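Step one of this worksheet: look at the structure below.
Sequence lines set the chain letters: A, B, ... in the order given, protein chains first and strands last, and positions in each chain run from 1. Note: hydrogens, waters and symmetry copies are ignored here, and every other heavy atom, side chains too, is used. Nothing here was measured: the structure is a model prediction, and the numbers come from that model.
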2 protein chains.
Amino acid sequence: MSQDVEQHSTHWVGDGQSSVLEGRLGIFVRKLLSHSRLSTDDQAAIAALPFSLRSMEPNAYILSEGERASICPVILSGFAYRQKTSAEGGRQIVALKIPGDPLDFQSLYLQCADHDLQALTRVELAIFSLKDLEKLVAPRPALARAVLIDILIEASIGREWLLNIGRRNALSRLAHLLCELHCRVEQIAKKRIEAFEVPLTQEQLADLLGLTPVHINRTIKTLEETGAVQRVNRRMQLGDVRTLRKIAEFSDIYLHQNEASKG
Amino acid sequence: MSQDVEQHSTHWVGDGQSSVLEGRLGIFVRKLLSHSRLSTDDQAAIAALPFSLRSMEPNAYILSEGERASICPVILSGFAYRQKTSAEGGRQIVALKIPGDPLDFQSLYLQCADHDLQALTRVELAIFSLKDLEKLVAPRPALARAVLIDILIEASIGREWLLNIGRRNALSRLAHLLCELHCRVEQIAKKRIEAFEVPLTQEQLADLLGLTPVHINRTIKTLEETGAVQRVNRRMQLGDVRTLRKIAEFSDIYLHQNEASKG
DNA sequence: ATCGCGACTTGATCCATGTTACGATGGCGG
DNA sequence: CCGCCATCGTAACATGGATCAAGTCGCGAT
């Protein structure tokens with residue numbers, strides 16, 4: 001498992017607001033801001049957290065089922081996923097994580113992991129220590145709440161996936177996933193995204209959607225005929241998001257974007 | 001929507017420990033104790049919470065998609081479920097809640113519900129106010145943690161359901177669900193349970209497992225032939241749990257029972 | 001260049017599950 | 001006691017997606 005680890009004692013000598021969002025941890029702060037309101041003070045506190053950097057190859061295990069971890073990684077770049085396997089060898093991807101997403105607050109509270117956590121592409125992680133996190137959050141209820149909201153949104157996405165796999169056919173299932181990915185990536189990029197290259201292999205798409213690779217291939221072909229996606233040297237690229245949304249009957253409320261804190 | 005509401009200003013005049021677990025809210029306390037350690041003081045604090053009682057008929061909506069609720073119900077008796085519907089009318093049950101389960105901490109933090117919450121059987125709910133809960137939890141980190149753990153476990157169950165629906169065939173899918181139900185019911189009952197009557201109609205089972213009612217019927221028949229379940233006047237009853245577990249290749253780690261708090 | 005290998009592509013065939021249809025059962029209100 | 005209506009039971013048929021079996025493409029290593 002190849003991994004470089006380096007220590008950062010990230011100390012911004014307060015050059016104002018912009019550096020917080022542009023610093024190494026800016027993407028994490030932006031992710032939290034996408035669903036929670038945070039004071040500039042809270043934002044700065046996050047950006048000032050010490051962390052170690054680790055980069056991992058595609059398919060490397062970040063955490064394995066049954067392990068007990070006490071780390072808390074956040075994705076700085078690249079993609080990762082959670083997977084489970086059935087006794088008969090079937091594999092199911094149960095969550096997809098993109099840059100800015102915290103990966104594992106769960107294992108800080110549960111004894112042992114109930115799933116694997118793997119790198120999808122090459123991935124750069126910021127790893128915080130449990131202690132630092134607790135010290136960060138304890139006096140800052142808004143931060144604790146933001147983290148909780150992040151967990152709740154992941155659960156909401158999981159429920160939508162259940163609907164997707166349980167009740168939609170292959171075509172809209174795939175279209176729905178692409179819509180979700182597009183939304184989420186646009187959300188952290190903070191700008192319109194036109195042509196977006198999907199980083200999953202067809203086998204991974206199959207494991208994510210509860211289908212077989214062969215059928216995924218055929219479904220992509222059908223989707224291509226509608227003009228919703230193109231394939232540029234064997235990689236799928238989103239084209240017409242409007243068509244995709246129609247095919248999937250996509251509604252984004254389950255992503256809970258722009259949920260300003262209540263009360 | 002038929003519902004009786006009555007006010008309880010539940011004040012136990014401290015007749016010791018046992019009353020906490022046997023009081024009206026005892027089942028909720030026991031649920032939390034099944035995965036978290038709580039001081040007797042914390043337990044008593046829960047049991048002393050004021051709440052209103054509401055009972056609902058089967059199929060009544062406890063909360064509808066899109067609504068913004070600020071209540072927090074806990075099931076005292078009966079069953080409930082979360083469901084989502086696709087634009088084409090497909091219905092998917094995405095969570096099943098049993099006595100002792102808190103139903104909706106989520107909507108205290110997210111703006112609007114991304115799914116419906118309905119009574120499965122006749123159900124009795126204890127309804128807490130947001131304010132009381134916040135006052136309860138603020139000075140008691142162990143309680144805050146217990147609630148968070150409850151949310152994380154629900155998410156873990158959701159992931160297992162994804163695997164179940166995405167990767168298992170109808171027979172093991174059904175068997176798996178029955179195993180889970182058995183485990184969870186036994187856990188709050190605090191004793192072995194032999195014959196357990198499944199409170200779901202075949203249509204509900206279908207919506208839960210991503211199948212059709214007709215196929216559920218066939219699958220129950222097959223399952224009956226293995227001796228794992230019987231049907232007593234049109235209701236399914238668990239018989240041989242061992243056989244069920246073998247068919248489902250069931251492992252209960254994802255339920256995270258007996259997770260004593262870390263650290 | 002050429003080999004090897006992982007990922008993609010495609011066709012033929014199969015089968016688990018969906019669909020449709022209709023009758024039986026049983027609980028409940030009048 | 002009767003009739004209604006939701007649910008269950010089951011048979012015949014349809015089909016989406018799985019499985020099996022060959023390729024093909026493209027890239028990195030030799």
Side-chain angles (χ1 to χ4, degrees), chain A residues 57-60 86 88-93 118-122 164-177 197-225 229-237 247, chain B residues 2 57-60 86 88-93 118-122 164-177 197-225 229-237 247-248:
Chain A
E57 295 300 309
N59 302 316
S86 72
E88 305 80 45
R91 176 175 102 135
Q92 180 70 39
I93 292 178
Q118 275 181 274
L120 173 65
T121 61
R122 170 187 291 278
N164 206 26
I165 293 179
R167 287 300 177 212
R168 284 196 261 257
N169 63 21
L171 191 66
S172 30
R173 230 184 269 189
L174 177 56
H176 192 281
L177 171 71
E197 186 163 295
V198 179
L200 296 135
T201 68
Q202 294 183 2
E203 193 184 4
Q204 288 162 338
L205 282 170
D207 287 339
L208 202 154
L209 296 173
L211 297 165
T212 52
V214 176
H215 198 63
I216 284 288
N217 187 289
R218 288 194 256 260
T219 308
I220 293 177
K221 202 168 147 190
T222 312
L223 208 48
E224 198 176 15
E225 282 159 12
V229 304
Q230 302 93 251
R231 281 185 280 189
V232 189
N233 48 332
R234 323 186 110 211
R235 278 268 117 136
M236 197 175 14
Q237 265 191 200
I247 293 172
Chain B
S2 68
E57 296 301 309
N59 303 316
S86 72
E88 304 82 46
R91 177 174 103 135
Q92 180 71 40
I93 291 178
Q118 275 180 274
L120 173 64
T121 62
R122 171 187 290 278
N164 206 25
I165 293 179
R167 288 300 179 210
R168 285 196 261 255
N169 64 22
L171 189 67
S172 30
R173 232 185 269 189
L174 178 56
H176 193 279
L177 171 71
E197 186 164 296
V198 179
L200 296 138
T201 68
Q202 294 183 3
E203 192 185 3
Q204 288 162 339
L205 282 170
D207 287 339
L208 201 155
L209 296 173
L211 296 165
T212 53
V214 175
H215 198 62
I216 285 287
N217 189 292
R218 286 193 277 250
T219 309
I220 293 178
K221 200 168 151 191
T222 313
L223 207 50
E224 197 175 17
E225 281 159 12
V229 304
Q230 302 93 251
R231 280 186 281 189
V232 189
N233 48 332
R234 324 184 106 211
R235 278 266 114 139
M236 197 174 19
Q237 264 191 202
I247 292 172

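Separation of atoms CD (A:E203) and OG1 (A:T212) is listed at 11.0 Å; rounding is to 0.5 Å. Interatomic distance, CG of A:L223 versus OG of A:S172, reported as 10.0 Å (0.5 Å rounding).
Rounded to whole Å, atom C1' of D:dG16 lies 12 Å from atom CG of A:L171. In this structure, the CG atom of B:L205 is 13 Å from the P atom of C:dG18, given to the nearest Å. Separating the CG atom of A:L211 from the P atom of D:dT19 is a distance of 11 Å, rounded to the nearest angstrom. Between the C1' atom of C:dT9 and the CD1 atom of A:I220 lies a distance of 11 Å, rounded to the nearest Å. Protein atom CZ of A:R168 is 18 Å distant from nucleotide atom P of D:dG16, rounded to whole Å. At whole-Å resolution of the value, CD in B:Q204 and C1' in D:dC8 are 13 Å apart. Here the P atom of nucleotide C:dA16 and the CD1 atom of B:I216 are 16 Å apart, to the nearest Å. Atom CG of A:L174 is separated from atom P of D:dG17 by 12 Å (rounded to the nearest Å).
Nearest-nucleotide positions on DNA chain C for A:R167 and A:E203 put A:E203 closer to the 5' end.
Contact annotation: B:Q202 side-chain N/O to D:dA6 OP1/OP2 distance is not under 4.0 Å. Phosphate proximity of C:dT9 to A:K221: absent, as no side-chain N or O sits under 4.0 Å from OP1 or OP2. Between B:N217 and the phosphate of D:dC8, there is no side-chain N or O to OP1/OP2 separation shorter than 4.0 Å. Taking side-chain N and O atoms only, B:R231 has a distance below 4.0 Å to OP1 or OP2 of D:dG9.
Minimum interatomic distance between A:P58 and A:L120 (heavy atoms only, all atoms of both residues): CB-O, 3.6 Å.
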Carefully, step by step, assess A:R173 and A:H176 under the rule side-chain hydrogen bond (donor to acceptor under 3.5 Å, both in side chains). CA-CA 5 Å; A:R173 230 184 269 189; A:H176 192 281; over 6 Å; no

Under the criterion side-chain contact (heavy atoms from CB on, under 4.5 Å), I'd like the reasoning laid out for B:E88 against A:R168: C-alpha separation, chi angles, the key distance, then a yes or no. CA-CA 9 Å; B:E88 304 82 46; A:R168 284 196 261 257; 4.3 Å; yes

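When each of A:I216, A:V198, A:L209, A:N59 is tested with A:Q204 by the rule side-chain contact (heavy atoms from CB on, under 4.5 Å), just one qualifies, namely A:N59. Under the side-chain hydrogen bond (donor to acceptor under 3.5 Å, both in side chains) rule, B:Q202 has a single partner from B:T219, B:D207, B:N217, which is B:N217.
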Give me the distances for all protein-to-nucleotides 19-26 of chain C N/O pairs that come in under 3.5 Å?
| residue | atom | partner | partner atom | Å |
| --- | --- | --- | --- | --- |
| C:dT25 | O2 | B:R234 | NH1 | 3.4 |

